[in-house]
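For reference, the structure is listed below as structure tokens.
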Amino acid sequence: MPVIRALSKVAKQALLAPACGCQPLTVAIRNISFSPRQVTSASDASFHSVSFSETDHPKVLITGGLGQLGVGLAKLLRKRFGKNNVILSDIRKPPSNVFHSGPFIYSDILDYKNLREIVVNNRITWLVHYSALLSAVGEANVALARAVNITGLHNILDIAAEHGLRLFVPSTIGAFGPTSPRNPTPDLCVQRPRTIYGVSKVHAELMGEYYHHRYGLDFRCLRYPGIISADSQPGGGTTDYAVQIFHDAVKTGKFECNLKPDTRLPMMYIDDCLRATLEVMEAPLETLSMRTYNINAMSFTPEELANEVQKQLPDLQVSYEIDSVRQAIADSWPMNFDDTNARNDWGWKHDYDLPELVQTMLNYIGSESRIAQAN
Ligand SMILES: NC(=O)C1=CN([C@@H]2O[C@H](COP(=O)(O)OP(=O)(O)OC[C@H]3O[C@@H](n4cnc5c(N)ncnc54)[C@H](O)[C@@H]3O)[C@@H](O)[C@H]2O)C=CC1
Ligand SMILES: CC(=O)[C@H](N)C(=O)O
């Protein structure tokens with residue numbers, strides 16, 4: 001395509017030679033006639049990689065930041081890069097402790113112009129894209145899940161490419177399906193998920209990798225297992241039972257599980273998940289042989305988790321009332337996750353196995369509950 005190549009060269013030269021000697025300009029993918037959609041190779045697209053070498057620390061925007069994972073990630077990144085260098089955003093109203101803990105901004109990822117304004121005005125260099133509808137809520141509202149998880153992702157990708165951002169998008173064990181090898185599931189294999197959530201995440205993996213190869217976008221993606229946290233609630237997924245059991249065990253001594261006792265799924269404690277995210281974002285380019293990695297910590301069934309909790313709380317009563325939608329989803333997901341590539345390439349290593357997870361969760365929720373009772 002010689003005409004396209006010539007056009008993109010002209011565009012590139014114009015962009016690389018600013019008369020004022022200031023930083024090279026970035027390109028609005030959607031607004032110019034010589035769109036980088038027409039750039040023909042990653043090397044031609046190298047003008048996109050401006051950004052965070054110009055400051056000591058990255059300037060980070062987290063979308064969908066008020067869900068289960070965003071507030072914890074903001075806390076970790078603020079410790080590392082400074083409070084004002086990490087902006088949380090969401091379409092929900094933040095609780096006052098979150099609002100007062102650092103910068104928060106309203107951002108709807110379906111509003112492209114608003115997103116671009118935030119990135120420009122705050123000189124964002126890293127974008128962590130957490131907004132999504134998870135597996136169970138996605139099945140309950142496919143149209144919204146398609147809009148947020150697919151159309152929203154397109155906005156994020158274009159803005160990240162235009163402004164030379166380093167972009168992190170999480171994927172999930174849900175990006176695999178019943179025809180994938182399930183025990184263990186490697187990084188590269190058949191991916192034919194049967195949920196809109198899974199389909200949208202495979203789409204995100206492929207689009208991110210495509211933008212990387214085509215436009216030089218610094219796209220990084222981890223496939224998270226089910227994440228377990230004590231101080232934040234899950235947002236409507238299939239693995240939510242593994243959080244709920246701790247709250248119910250401490251508060252009522254009874255837990256009704258919506259998955260069968262022998263349903264095995266990969267899981268991870270939130271501190272490991274957030275640390276992995278920071279580590280892959282900081283990993284030197286040359287260590288990344290891939291752009292999408294499985295990460296893993298442990299794998300257990302509801303029965304195994306209940307047994308471990310009962311070691312600390314022997315009176316816990318567990319019953320099973322199966323949710324057919326969630327069960328069908330879980331039965332199509334990996335049972336064990338192979339994360340050899342993450343371990344070999346950039347040194348991924350988890351800290352929490354099942355016993356440490358259970359101890360940590362019960363300590364946290366138990367002490368919260370004692371404080372609540374005392375007040
Ligand atoms: N929590 C988990 O177990 C896992 C999470 N992940 C991924 O990690 C990311 C974060 O997960 P969670 O925090 O658990 O999700 P969550 O469901 O708890 O939070 C998602 C957030 O996205 C926001 N959101 C929805 N529509 C939006 C829009 N139009 N614009 C901006 N924000 C919008 C919601 O208000 C919500 O606060 C997601 O992409 C999810 O797919 C992947 C695997 C496991
Ligand atoms: C594993 C996930 O992606 C999430 N927790 C869900 O269950 O949907």
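Counting starts at 1 for both ligands and their atoms, in listed order. Keep in mind that this is a model prediction, so the values were computed, not measured.
Nearest protein neighbour of atom 20 (C) of ligand 1, counting heavy atoms only, is A132 O, 3.7 Å. The protein heavy-atom contact nearest to atom 41 (O) of ligand 1 is Y197 OH, 2.7 Å. The nearest protein atom to atom 8 (O) of ligand 2, hydrogens excluded, is given as S135 OG, 2.6 Å; this is a heavy-atom distance. Of the protein's non-hydrogen atoms, T238 N, 2.7 Å is the one closest to atom 7 (O) of ligand 2. Distance from atom 21 (C) of ligand 1 to its nearest protein heavy atom, with residue and atom name: G64 O, 3.5 Å. In this structure, atom 9 (C) of ligand 1 lies nearest to the protein heavy atom Y130 O, 3.4 Å. Looking only at protein heavy atoms, the nearest one to atom 3 (O) of ligand 1 is I227 N, 2.9 Å. For atom 14 (O) of ligand 1, the closest non-hydrogen atom on the protein side is Q68 CB, 3.4 Å. In this structure, atom 29 (N) of ligand 1 lies nearest to the protein heavy atom D108 OD1, 2.9 Å.
Of the polar atoms of L69, at least one N or O is found under 3.5 Å from an N or O of ligand 1, judged by distance alone. Residue T239 has at least one N or O atom closer than 3.5 Å to an N or O atom of ligand 2. In terms of polar-atom proximity, defined here as any N/O pair under 3.5 Å, Y224 makes no such contact with ligand 1. Below 3.5 Å of separation, one finds no N or O of D240 facing any N or O of ligand 2.
The proximity of Y197 to ligand 2, defined as any non-hydrogen pair under 4.0 Å, is limited to the side chain. When heavy-atom distances to ligand 1 are checked against a 4.0 Å cut-off, I109 comes that close through both its backbone and its side chain.
The pair K113-D111 does not meet the salt-bridge criterion, since no charged nitrogen lies less than 4.0 angstrom from a carboxylate oxygen. Ion pairing between a basic and an acidic side chain is recognised when a charged N comes within 4.0 Å of a carboxylate O; R223 and D187 show such pairing.
For the pair G237 and ligand 1, no heavy-atom separation below 4.0 Å is found. Heavy atoms of W333 approach ligand 2 to within less than 4.0 angstrom. Within the 4.0 Å heavy-atom cutoff, S171 counts among the residues contacting ligand 1. Using a 4.0 angstrom heavy-atom cutoff, T63 does not count as in contact with ligand 1. Residue contact check for ligand 1: K201 places a non-hydrogen atom closer than 4.0 Å to it.
Near S107, meaning under 4.0 Å from one of its heavy atoms, ligand 1 places the atoms 30 (N), 31 (C). The distance from ligand 2 to the heavy atoms of T172 drops below 4.0 Å at these ligand atoms: 1 (C), 2 (C), 3 (O). Taking every non-hydrogen atom of L134 and a distance limit under 4.0 Å, the qualifying atoms of ligand 2 come out as 4 (C), 8 (O). With ligand atoms numbered from 1 in the order given, ligand 1 contributes 14 (O), 15 (O), 17 (O), 40 (C) to contacts under 4.0 Å with heavy atoms of L134. Which parts of ligand 1 touch T172 is read off a 4.0 Å heavy-atom cut-off, strictly below it: atoms 42 (C), 43 (C).
Distances from atom 32 (N) of ligand 1 to the heavy atoms of G72, S131, P234 put S131 nearest. One option in G67, S89, G70 has a heavy atom closer to atom 19 (O) of ligand 1 than any other, and that option is G67. Closest heavy-atom approach to atom 34 (C) of ligand 1 among the candidates L222, D90, L66: D90. Among G226, P225, P170, the residue whose heavy atom sits closest to atom 44 (C) of ligand 1 is P225.
Checked by atom type, the side-chain pair D345/Y293 shows a donor-acceptor distance below 3.5 Å.
A tilted orientation is assigned to the rings of W348 and H350, their planes being inclined by 30° to 60°.
Partners of D90 under the salt bridge (charged side-chain N to carboxylate O under 4.0 Å, His left out) rule, at least two apart in sequence or in another chain, do not exist in this structure.
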